[in-house]
Amino acid sequence: QVKLVESGGGLVQAGGSLRLSCAASGRTISGYAMGWFRQAPGKEREFVAAISGSGRSTYYADSVKGRFTISRDNAKNTVYLQMNSLKPEDTAVYSCAARTLTIPNMRELEYSYWGQGTQVTVSS
């Protein structure tokens, strides 16, 4: 079993930055692809970014490409999401997820473990 705990969310003005962290426990996630997803009020959860087990491959939703950066520190069993140039439409609950394969995927059904999420609110 893998437990994932997100942190780093909060309230920020448009144009600001936040760095989310996802700390894993229970087992090492070095062989797992990791993803970030978000869900805004009244909307379905959507893919944000994903990273391979090695960290060499990353994928982003078009809406965040060039503004968000996903990274990982396997020694710390932690994945990060650096969010810059935030917009009000980025407001959502952000959740990290682990896939028991090293290759990332944009589909949430491919992920076996999920964190509780952290709220990100961007004011205009």
Side-chain angles (χ1 to χ4, degrees):
Q1 283 285 358
V2 176
K3 181 180 180 182
L4 303 173
V5 178
E6 302 93 339
S7 62
L11 174 64
V12 64
Q13 288 188 331
S17 298
L18 282 174
R19 187 195 196 202
L20 305 184
S21 298
C22 172
S25 61
R27 65 176 299 164
T28 180
I29 57 169
S30 60
Y32 290 2
M34 299 295 293
W36 284 97
F37 293 79
R38 67 186 182 186
Q39 187 168 20
K43 295 187 177 181
E44 293 187 352
R45 186 158 55 189
E46 63 175 3
F47 169 78
V48 175
I51 189 167
S52 63
S54 66
R56 286 193 287 267
S57 298
T58 57
Y59 302 87
Y60 298 94
D62 288 342
S63 59
V64 307
K65 205 171 291 183
R67 300 188 297 123
F68 291 11
T69 302
I70 188 171
S71 62
R72 65 192 300 159
D73 185 339
N74 284 339
K76 295 182 178 180
N77 233 26
T78 301
V79 179
Y80 305 97
L81 185 68
Q82 177 67 43
M83 305 186 296
N84 299 329
S85 302
L86 282 161
K87 304 175 181 180
E89 51 264 43
D90 293 319
T91 295
V93 174
Y94 285 71
S95 300
C96 68
R99 184 180 193 228
T100 57
L101 293 172
T102 191
I103 301 172
N105 196 288
M106 295 186 292
R107 297 170 56 201
E108 61 179 274
L109 291 177
E110 294 290 331
Y111 291 81
S112 302
Y113 302 102
W114 290 83
Q116 296 276 41
T118 185
Q119 176 70 46
V120 172
T121 303
V122 184
S123 63
S124 57

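We're numbering straight along the sequence, starting at 1.
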Trainee: Indicate yes or no: at least one non-hydrogen side-chain atom of Gln82 is less than 4.5 angstrom from one of Ser17.
Mentor: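 Yes, close enough: below the 4.5 Å cut-off.
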Trainee: Calculate, to the nearest 0.5 Å, the distance between atoms CD1 and OG belonging to Ile103 and Ser54 respectively.
Mentor: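 One finds 10.5 Å between CD1 of Ile103 and OG of Ser54.
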Trainee: Counting only N and O atoms by type, is there a donor-acceptor contact under 3.5 Å from the side chain of Arg99 to the main-chain atoms of Ala33?
Mentor: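 Judged by distance alone, no pair lies under 3.5 Å.
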Trainee: Given 3.5 Å as the limit, does a donor-acceptor pair link the side chain of Thr118 with the main chain of Glu6, or not?
Mentor: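 Absent.
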Trainee: Give me the other members of the hydrophobic cluster that Phe68 sits in, counting Ile, Leu, Val, Met, Phe, Trp and Tyr linked by side-chain heavy atoms under 4.5 Å, directly or via other members.
Mentor: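 Hydrophobic cluster check, Phe68: joined to Val2, Leu4, Val12, Leu18, Leu20, Ile29, Tyr32, Met34, Trp36, Val48, Ile51, Tyr60, Val64, Ile70, Val79, Leu81, Met83, Leu86, Tyr94, Tyr113, Val120, Val122.
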Trainee: Near Leu11 CG, under 6.0 Å, is it more than 12 heavy atoms from other residues, nucleotides or ligands?
Mentor: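 Yes, because the 6.0 Å sphere around CG of Leu11 holds more than 12 heavy atoms from other groups.
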Trainee: Checking Thr78 side chain against Lys76 main chain: does a donor-acceptor pair fall under 3.5 Å?
Mentor: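 Indeed, once roles are kept as given, a pair shorter than 3.5 Å links the two residues.
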Trainee: Would the distance check show the side chain of Asn77 and the main-chain N or O of Arg27 forming a donor-acceptor pair, the cut-off being under 3.5 Å?
Mentor: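 Here the side-chain-to-backbone pair exists.
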Trainee: Would you compute the distance between atom OG of Ser52 and atom CG of Asn105 and round it to the nearest 0.5 angstrom?
Mentor: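 Here the rounded value is 13.0 Å.
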Trainee: Can you name the closest pair of heavy atoms from Ala50 and Tyr111 and give their distance?
Mentor: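 Heavy atoms only, the tightest pair is CB-OH, 3.7 Å.
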Trainee: Using 0.5 Å steps for rounding, measure from the CD atom of Gln13 to the OG atom of Ser123.
Mentor: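 With rounding to 0.5 Å, CD (Gln13) is 5.0 Å from OG (Ser123).
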Trainee: Report the distance from atom CZ of Arg19 to atom OG of Ser7, rounding to the nearest 0.5 Å.
Mentor: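 The distance works out to 9.5 Å.
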Trainee: If I take atom CD from residue Gln116 and atom NZ from residue Lys3, how far apart are they, to the nearest 0.5 angstrom?
Mentor: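 The NZ atom of Lys3 is 8.5 Å from CD of Gln116, to the nearest 0.5 Å.
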Trainee: Tyr59: what forms a ring pair (Phe, Tyr, Trp, His ring centres under 6.0 Å) with it, not counting sequence neighbours?
Mentor: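 Ring pair (Phe, Tyr, Trp, His ring centres under 6.0 Å) list for Tyr59, sorted by chain: empty.
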Trainee: Pair Asp62, Lys65 - check salt bridge (charged side-chain N to carboxylate O under 4.0 Å, His left out), show working.
Mentor: CA-CA 5 Å; Asp62 288 342; Lys65 205 171 291 183; 3.1 Å; yes
Trainee: When clusters are formed by joining ILVMFWY residues with side-chain heavy atoms under 4.5 Å apart, either directly or through shared neighbours, do Val93 and Phe37 land in the same one?
Mentor: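 Each belongs to a different hydrophobic cluster.
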Trainee: Whether the side chain of Asn74 engages the backbone of Thr28 through a donor-acceptor N/O pair (distance < 3.5 Å, no angle test) should be reported.
Mentor: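 Here the side-chain-to-backbone pair does not exist.
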Trainee: Please report the interatomic distance OG(Ser63) to CG(Asp90), rounded to the nearest 0.5 Å.
Mentor: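 One gets 7.0 Å once the value is rounded to the nearest 0.5 Å.
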Trainee: Could you tell me which non-hydrogen atom of Ala92 sits nearest to which non-hydrogen atom of Arg38, and how far apart they are?
Mentor: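 Answer, listing the atom of Ala92 first, then Arg38: CB-CB, 3.8 Å.
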Trainee: Grab the two heavy atoms, one from Ala14 and one from Ser124, that are nearest each other, plus how far apart they are.
Mentor: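 Residues Ala14 and Ser124, closest heavy atoms: CB-CA, 4.4 Å.
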